[in-house]
Colleague: 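Before we start, here is the structure in question, set down as structure tokens.
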Amino acid sequence: MIIYYNKLENQLKDKSIQKHVVSSQDNFLENKVVKFLNKQAIKQGFEAKETIYIDKDTNLDELHYIFENQSLFEERKVILIRLLCSLEKKIKDFLQSILQSDVLNDKFIIIILPELKSNEIKSKWLNSSSNDMTLIRIFKPNEKDIYNELYTYQKECGLNLDSKFLKYICDKNSNNLFSAAQIIEKLSLIDEIDININDQNLNKLFSSDSQYSSFLLFDYCIKSDYVNILNSINFLKSNKIPISVIIWVFIRKFHEYTRHINKIEKGASIDEIVKNIWPYEQKEITRMALNKFSIKMIEMYISMFIRLDMQSKNLVKGDTWLSLKDLCIAISKNKLSILKLN
């Protein structure tokens, strides 16, 4: 059954289909479809999740054996399959075996693929005409679609941006929906701690370089890399990166780790969480962070970043950049006792 993105909810509303292939040209809409399908899965009693990445080195015979024998999938579970390489024949054969398998009735399958051409859609391996599965097609959104998606998303994020500002975000990101949505997310987190955004620092705030450098600073704190912590802070300061960007990055990452810790407290293992982390380089950093932090410590660090925000607005006395340095060192040692209130 072929379903187009804009008709997805209506066409799947009362159906209990458990096998879905998503052919996507847009990452944001792709993620939105996966969230919707996960909700559908929960309604059908599938709550546990497993993500499998397939690349050119994946042993497909071994993976097929695991699927057929369900040695790793003993419970009702959502299995999300993501492709990290080209759609070669051996991969098509493997996916066909999954889509046509009769032993996966207690599994909810979501397969994410890049855009499929018309000949692939009509191919035997996909069998998109079957009523036992769906092929969800996501096309590149036009300017109007992007604006409408952003308008809805900013409401979901608790914002109420005017049309001119939304249009500005679209233009700033060359109508790239995924990038524009990241800015909406950023603004929602900044608004949460009452950071004022003005025209003077918009370009700095939206700079990918400033975000990247701030994320690196956070990673150096996790790894207790003191030399690079100081180098990163000096770089951010010398390039006049708004402190609001750094605060946003740290609070976003802390919220992410809080969600992971909550899963661990409910019985998940660190290995289970780490294997679903992407990109690959973040797996070990995530493992280090989950071994280092508790929810109580994260809450205390977030309160310190709120104080740092107040300091940057001159509501609290002190040197903002010196306080940032002390806070980063405290995080790296995971000891608030060494923190100085500069």
Colleague: Honestly curious: do Val22 and Phe178 fall in one hydrophobic cluster under the side-chain, below-4.5 Å linking rule?
Modeller: yes

Colleague: Begin with the C-alpha distance, continue with both residues' side-chain angles, and end with the deciding distance and a verdict on side chain to side chain contact (heavy atoms under 4.5 Å, CB included) for Ile246 and Trp248.
Modeller: CA-CA 5 Å; Ile246 304 168; Trp248 168 76; over 6 Å; no

Colleague: Which distance, rounded to the nearest 0.5 Å, do you find between the CG of Leu87 and the NZ of Lys117?
Modeller: 12.5 Å

Colleague: List the atom of Ala41, the atom of Val78, and the distance in Å for their closest heavy-atom pair.
Modeller: CB-CG2, 3.4 Å

Colleague: Would Phe235 and Leu217 satisfy side chain to side chain contact (heavy atoms under 4.5 Å, CB included), going step by step from the backbone distance to the final call?
Modeller: CA-CA 10 Å; Phe235 172 84; Leu217 174 59; over 6 Å; no

Colleague: Should Glu115 and Lys140 be marked as a side chain to side chain contact (heavy atoms under 4.5 Å, CB included) after you check the CA-CA gap, both sets of side-chain angles, and the distance that decides it?
Modeller: CA-CA 10 Å; Glu115 178 191 6; Lys140 188 174 180 63; over 6 Å; no

Colleague: Any heavy-atom pair between the side chains of Leu177 and Asn27 that's under 4.5 Å?
Modeller: no

Colleague: With side chains defined as the heavy atoms from C-beta onward, is the minimum distance between Leu236 and Trp321 less than 4.5 Å?
Modeller: yes

Colleague: With distance as the sole criterion, is a donor-acceptor pair present between the side chains of Lys155 and Asn160 under 3.5 Å?
Modeller: yes

Colleague: Please check: side-chain N/O of Thr286 versus main-chain N/O of Val274, any donor-acceptor pairing under 3.5 Å?
Modeller: no

Colleague: Check the pair Gln311 / Ser323 against side chain to side chain donor-acceptor pair (under 3.5 Å), numbers first and verdict last.
Modeller: CA-CA 9 Å; Gln311 196 175 69; Ser323 294; 2.7 Å; yes

Colleague: A quick test of your reading: do over 12 heavy atoms of other residues, nucleotides or ligands sit less than 6.0 Å from NZ of Lys275?
Modeller: yes

Colleague: When rounded to the nearest 0.5 angstrom, what distance separates CD1 in Ile243 from NZ in Lys237?
Modeller: 10.0 Å

Colleague: Under 4.0 Å between a side-chain nitrogen and a carboxylate oxygen: does that hold for Glu284 and Lys223?
Modeller: no

Colleague: Kindly write out the residues that satisfy side-chain hydrogen bond (donor to acceptor under 3.5 Å, both in side chains) with Lys90, not counting sequence neighbours, or none if the list is empty.
Modeller: none

Colleague: Within 45° of the ring axis of Tyr4 and under 6.0 Å from its six-membered ring centre, is that where the NZ or CZ of Arg137 lies?
Modeller: no

Colleague: Do Asn334 and Tyr301 pair up side chain to side chain, a donor and an acceptor below 3.5 Å, judged on atom types alone?
Modeller: yes

Colleague: Who are the side-chain hydrogen bond (donor to acceptor under 3.5 Å, both in side chains) partners of Ser123, not counting sequence neighbours?
Modeller: Trp125

Colleague: Side chains of Gln282 and Asp219: any donor to acceptor distance under 3.5 Å?
Modeller: yes

Colleague: Between the side chains of Lys35 and Glu30, is the shortest nitrogen-to-carboxylate-oxygen separation below 4.0 Å, so that they form an ion pair?
Modeller: no

Colleague: Which is it for Glu88 and Lys56 under the salt bridge (charged side-chain N to carboxylate O under 4.0 Å, His left out) test, yes or no, and what are the steps along the way?
Modeller: CA-CA 9 Å; Glu88 301 174 357; Lys56 59 183 179 62; over 6 Å; no

Colleague: Do the non-hydrogen side-chain atoms of Phe46 and Gln18 ever get within less than 4.5 Å of each other?
Modeller: yes

Colleague: Decide salt bridge (charged side-chain N to carboxylate O under 4.0 Å, His left out) for Lys263 and Glu272; before the verdict, give the C-alpha distance in whole Å, the side-chain angles of both, and the deciding distance to 0.1 Å.
Modeller: CA-CA 10 Å; Lys263 291 179 182 178; Glu272 288 175 321; over 6 Å; no

Colleague: Below 4.5 Å, heavy atoms only, C-beta onward: do Thr320 and Leu324 meet side chain to side chain?
Modeller: no

Colleague: Taking only residues two or more places apart in sequence, or in another chain, which ones meet Asn228 in a side-chain hydrogen bond (donor to acceptor under 3.5 Å, both in side chains)?
Modeller: Asp225

Colleague: Using the rule side-chain contact (heavy atoms from CB on, under 4.5 Å), only one of Thr134, Leu135, Leu99 pairs with His20; which is it?
Modeller: Thr134

Colleague: Hey, is OH on Tyr151 packed in by over 12 heavy atoms from elsewhere, all under 6.0 Å?
Modeller: no

Colleague: Ignoring hydrogens and angles, write down the donor-acceptor pairs under 3.5 Å from the side chains of residues 8-16, residues two or more places apart or on other chains.
Modeller:
from	atom 1	to	atom 2	distance (Å)
Lys15	NZ	Gln11	O	3.2

Colleague: Check whether any side-chain N or O of Ser232 sits under 3.5 Å from a backbone N or O of Ile229 as a donor-acceptor pair, and report yes or no.
Modeller: no

Colleague: Quick one: does any side-chain atom of Glu50 pair with a main-chain N or O of Leu80 as donor and acceptor, under 3.5 Å?
Modeller: no

Colleague: So, are Lys144 and Glu149 salt-bridged, with charged N and O less than 4.0 Å apart?
Modeller: no

Colleague: Nearest 0.5 Å, please: how far is CG in Leu116 from CD1 in Ile2?
Modeller: 10.0 Å

Colleague: Do Ile17 and Asp132 come within less than 4.5 Å of each other through their side chains, counting heavy atoms only?
Modeller: no

Colleague: Quick one, Asp309 and Ser312 - any side-chain contact, counting heavy atoms below 4.5 Å?
Modeller: yes

Colleague: Is it the case that the side chain of Lys19 and the backbone of Ser101 share a donor-acceptor pair, with hydrogens and angles ignored and the cut-off at 3.5 Å?
Modeller: yes

Colleague: Identify each donor-acceptor pair in which a side-chain atom of residues 287-296 lies under 3.5 Å from a protein atom, sequence neighbours left out, and give them as a table.
Modeller:
from	atom 1	to	atom 2	distance (Å)
Arg287	NH1	Asp271	OD1	2.8
Arg287	NH2	Asp271	OD1	3.1
Asn291	ND2	Arg287	O	3.1
Lys292	NZ	Cys221	O	3.4
Lys292	NZ	Ile222	O	3.0
Lys292	NZ	Ser224	OG	3.4
Lys292	NZ	Ser332	O	2.9
Ser294	OG	Met297	N	3.2

Colleague: Report yes if the side chains of Ile81 and Ile112 come closer than 4.5 Å at any heavy-atom pair, otherwise no.
Modeller: no

Colleague: Report the C-alpha separation of Glu256 and Lys253 in whole Å, then their side-chain angles, then the decisive distance to 0.1 Å, and conclude whether the salt bridge (charged side-chain N to carboxylate O under 4.0 Å, His left out) test is met.
Modeller: CA-CA 5 Å; Glu256 176 186 327; Lys253 294 297 291 184; 3.4 Å; yes

Colleague: If Ile, Leu, Val, Met, Phe, Trp and Tyr residues are connected whenever their side-chain heavy atoms lie under 4.5 Å apart, and connections chain through other members, are Ile302 and Met300 in the same group?
Modeller: yes

Colleague: Within the 4.5 Å heavy-atom criterion, are Leu150 and Cys170 side-chain neighbours or not?
Modeller: yes

Colleague: Output every pair passing ring-ring contact (aromatic ring centres under 6.0 Å, His included) with a member in residues 22-43, not counting sequence neighbours, ordered by first then second residue.
Modeller: Phe28-Tyr153

Colleague: To the closest 0.5 Å, what do you measure between CD (Glu47) and CZ (Phe108)?
Modeller: 13.0 Å

Colleague: Parallel, tilted or perpendicular, judged at 30° and 60°: which one describes the rings of Phe218 and Phe250?
Modeller: perpendicular

Colleague: Can you see which heavy atom on Leu95 is nearest to which on Leu113, and at what distance?
Modeller: CD1-CD2, 4.0 Å

Colleague: Parallel, tilted or perpendicular: which describes the rings of His260 and Tyr257, with under 30° parallel and over 60° perpendicular?
Modeller: tilted

Colleague: Roughly how far, to the nearest 0.5 Å, is the OG atom of Ser269 from the CD1 atom of Ile264?
Modeller: 8.0 Å

Colleague: Please test Phe139 against Tyr5 for ring pair (Phe, Tyr, Trp, His ring centres under 6.0 Å), starting from the C-alpha separation and ending with a verdict.
Modeller: CA-CA 8 Å; Phe139 295 106; Tyr5 164 75; over 10 Å; no

Colleague: Nearest 0.5 Å please: distance from the CG atom of Asp93 over to the CG atom of Leu60.
Modeller: 9.5 Å

